[in-house]
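Sequence lines set the chain letters: A, B, ... in the order given, protein chains first and strands last, and positions in each chain run from 1. From a predicted model like this one, the values you see are computed outputs, not experimental measurements.
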There are 2 protein chains.
Amino acid sequence: MSKQAEFAVILKMNAMFADLGTDELQRLANLCHTQHLGNGEVLFQKGDAGDALFGVRRGQVRIETGASDGSRLTLNFMGPGDLFGEVAVLDGQNRTADATAGEASELFVLRREDFLAFLEREPKVAIKIIALLCQRIRWQSERMEESMLQPLPVRLARRLCALAADFGSEVHISQEQLGVFVGAARESVNRQLQAWRKEAILDLQRGRILLRNMTKLTAIARNE
Amino acid sequence: MSKQAEFAVILKMNAMFADLGTDELQRLANLCHTQHLGNGEVLFQKGDAGDALFGVRRGQVRIETGASDGSRLTLNFMGPGDLFGEVAVLDGQNRTADATAGEASELFVLRREDFLAFLEREPKVAIKIIALLCQRIRWQSERMEESMLQPLPVRLARRLCALAADFGSEVHISQEQLGVFVGAARESVNRQLQAWRKEAILDLQRGRILLRNMTKLTAIARNE
DNA sequence: GGGGAAGTGTGTCATAAGTCACATAACTTT
DNA sequence: AAAGTTATGTGACTTATGACACACTTCCCC
């Protein structure tokens, strides 16, 4: 399979491009380049212009942010097939976090200027993108309002389920970072995790959480 | 001033269209119609297709939602110069609330089909709209995360400031509705308002709040 | 004008979650 | 292996806010 065809598949899996027609998608995918990163190499930093969309072909990219106290907090891990920077490529705003290769990686790169020229040539696609962004706005305002009002166990369970979708049942994350994710204190996270360990829903190790009973966890995430 | 020119001014005042060029804006405004509503007349209901954008020329439209217990809660008041349904006109999704004329009103109407045809003819405008939607997405995710984590006094002060921008220093709203706005219990709202009354920041009347000291209030909204 | 409905003011209590403080435990570095 | 560093576990306390209960007022309408 050609590089471009491979990228088209990745685009297709992302909600933002899922509704585009196969032909439109392929023409879009044809605009991509690839880029190699060594382990630990910096892809972009907070404040850089958002001039491209990236897809991970192989390797791993960490999205992280330097906290005010100098410590670094990982906000997300992007593995093969993941796409990031969809919004930046559309509006060109500055990056709001840093991106670093967690291992030697190869990325698909779709540059902003190429993407915009494409949209100008194909206004029907631009209109579809508009509709998708609108959906996202609605989805966000629904989710956010709902989500932050949920009690901590629900928020935590949801985040764990989301992480499980990316990493399988062995989630590699510190309880501190998990706290940042769900907007809660580390201690509260720990106490909840302990409670779930007693119910055999999961096991805890240093820097790692082993999900034992996804059924129960998703039930909690759905708020009973 | 022609009807269309008047509508162009209203569009220009809205963040979503502020960045469009004068000529583009006028061509867009030329697509509008007008519609008259009698007092209490229903403009649309929850679940209707979102097939148009509205601007208030004169009168008042209430955006409200029927709560599960049958009571109605007003989510927003739209007065002359206000625009609503910007997102619906772009993605055509169903309305999520009801809209009713609070008095005899005249509205500008920009139909979805006309708007989409316009965007297809002018892809540069479509791209600007895309950028604006992206801004909105960023803005939302920043605000939401921040906002819900703020303590109640801050959320309340922010909402009051926002209402003051629309209605001046005499905000006509029940404490119950205010509670819905900020996601808090009516009693908590009341206690906070009482505290502020003692500090001479505002005065309370039945169904009405008189803002006496916007300086202090905005200071609280900025979280000291 | 009498009776309800809606809006408001306040006290008491329960609870979720943050903060602080410290004990371990597990990795790293030298 | 010793020492330092980071991650985790847990108890005690505090605080914000929701929940309930009820009194009081104002408005509306029959």
Side-chain angles (χ1 to χ4, degrees), chain A residues 64 66-67 69-74 145-160 163 170-199 201-210 220 223-224, chain B residues 40 62 64 66-67 69-74 145-160 163 170-199 201-210 220 223-224:
Chain A
E64 47 188 22
D69 61 353
S71 71
R72 305 196 61 70
L73 285 170
T74 303
E145 272 178 51
E146 170 207 324
S147 193
M148 307 298 285
L149 296 175
Q150 296 298 326
L152 181 115
V154 176
R155 277 155 35 214
L156 199 52
R158 282 182 188 174
R159 180 59 67 164
L160 285 175
L163 289 170
E170 183 172 327
V171 178
H172 179 98
I173 187 175
S174 82
Q175 296 177 9
E176 166 115 40
Q177 293 185 355
L178 205 45
V180 174
F181 274 173
V182 301
R186 179 194 63 80
E187 295 92 324
S188 303
V189 170
N190 180 269
R191 274 185 263 263
Q192 185 58 56
L193 291 178
Q194 293 298 330
W196 283 338
R197 189 164 57 99
K198 275 163 200 139
E199 295 179 58
I201 292 176
L202 45 75
D203 264 331
L204 297 174
Q205 293 175 11
R206 183 191 175 81
R208 199 167 311 168
I209 298 170
L210 309 170
I220 295 166
N223 204 355
E224 272 70 10
Chain B
R62 282 202 303 267
E64 47 187 21
D69 62 351
S71 71
R72 306 194 60 71
L73 285 169
T74 301
E145 274 178 49
E146 169 208 322
S147 192
M148 305 300 284
L149 296 175
Q150 296 298 326
L152 185 136
V154 177
R155 281 161 26 221
L156 198 52
R158 283 183 187 172
R159 178 61 64 167
L160 284 175
L163 288 170
E170 183 172 328
V171 178
H172 179 98
I173 187 177
S174 84
Q175 296 177 9
E176 166 111 42
Q177 293 186 354
L178 204 45
V180 174
F181 275 172
V182 301
R186 180 195 61 83
E187 296 92 323
S188 304
V189 169
N190 180 268
R191 271 184 266 263
Q192 185 57 56
L193 291 177
Q194 294 298 330
W196 283 338
R197 188 164 57 100
K198 276 165 198 136
E199 295 178 58
I201 292 176
L202 46 74
D203 264 330
L204 297 175
Q205 292 175 9
R206 181 189 176 80
R208 199 167 310 168
I209 299 171
L210 309 170
I220 295 165
N223 204 353
E224 269 72 2

(request) Figure out the CZ/P separation between B/R197 and C/dG9, and round it to whole Å. (result) 6 Å
(message) Just verifying a value: how many Å separate A/L163 CG and A/F181 CZ, rounded to the nearest 0.5 Å?
(response) 6.0 Å
(message) By the definition side-chain contact (heavy atoms from CB on, under 4.5 Å), identify the one residue from B/L160, B/L210, B/V171 that meets it with B/L202.
(response) B/L160
(request) Determine the minimum heavy-atom distance between A/L178 and A/V189, stating which atoms define it. (result) CD2-CG1, 4.1 Å
(message) If you compare all heavy atoms of A/I220 against all heavy atoms of A/P153, which two are closest, and at what distance to 0.1 Å?
(response) CG2-O, 3.9 Å
(request) Give the rounded distance in Å between these two atoms: CG of B/L152 and C1' of D/dT15. (result) 14 Å
(message) Checking the side chain of A/R155 only, and the main-chain atoms of A/Q150 only, is there a donor and an acceptor separated by less than 3.5 Å?
(response) yes
(message) As a test of reading the structure: which of D/dC27, C/dG9, C/dA25 is closest to the side chain of A/R206, going by heavy atoms?
(response) C/dA25
(request) Specify the separation, in whole Å, of atom CD of B/Q177 and atom C1' of C/dA6. (result) 12 Å
(message) Please tell me if B/N190 has a side-chain N or O lying less than 4.0 Å from either OP1 or OP2 of C/dG9.
(response) yes
(message) From CD of A/Q150 over to P of C/dA17, roughly how many Å is that when rounded to an integer?
(response) 11 Å
(request) Answer with yes or no whether the side chains of B/R197 and B/Q194 bring together a donor and an acceptor at under 3.5 Å. (result) yes
(request) Answer with base, sugar-phosphate or nothing: what part of the nucleic acid does B/G183 contact at a heavy-atom distance below 4.0 Å? (result) sugar-phosphate
(request) With the side chain of B/S174 defined as its heavy atoms from C-beta on, choose the nearest nucleotide among C/dT10, C/dG7, D/dT8. (result) C/dG7
(request) Starting from C1' on C/dC27, measure out to CD on A/Q205 and report it in whole angstrom. (result) 14 Å
(request) Report the distance from atom CD of B/Q194 to atom P of C/dT8, rounded to the nearest whole Å. (result) 10 Å
(message) If you only use heavy atoms from C-beta on, which nucleotide in D/dT17, D/dG18, C/dA25 is closest to the side chain of B/P151?
(response) D/dT17
(request) To the nearest 0.5 Å, tell me how far A/Q192 CD sits from A/E187 CD. (result) 14.0 Å
(request) Figure out the CZ/P separation between A/R208 and C/dA25, and round it to whole Å. (result) 19 Å
(message) Rounding to an integer number of Å, can you tell me how far A/L204 CG sits from C/dT24 C1'?
(response) 15 Å
Below 3.5 Å is the cut-off: list the nitrogen or oxygen pairs between protein and nucleotides 19-22 of chain C, distance only.
| from | atom 1 | to | atom 2 | distance (Å) |
| --- | --- | --- | --- | --- |
| C/dT19 | O4 | A/R191 | NH2 | 3.0 |
| C/dC20 | N4 | A/E187 | OE2 | 3.3 |

(message) Using OP1 and OP2 only, check whether a side-chain N or O of A/Q175 sits under 4.0 Å from D/dG9.
(response) yes
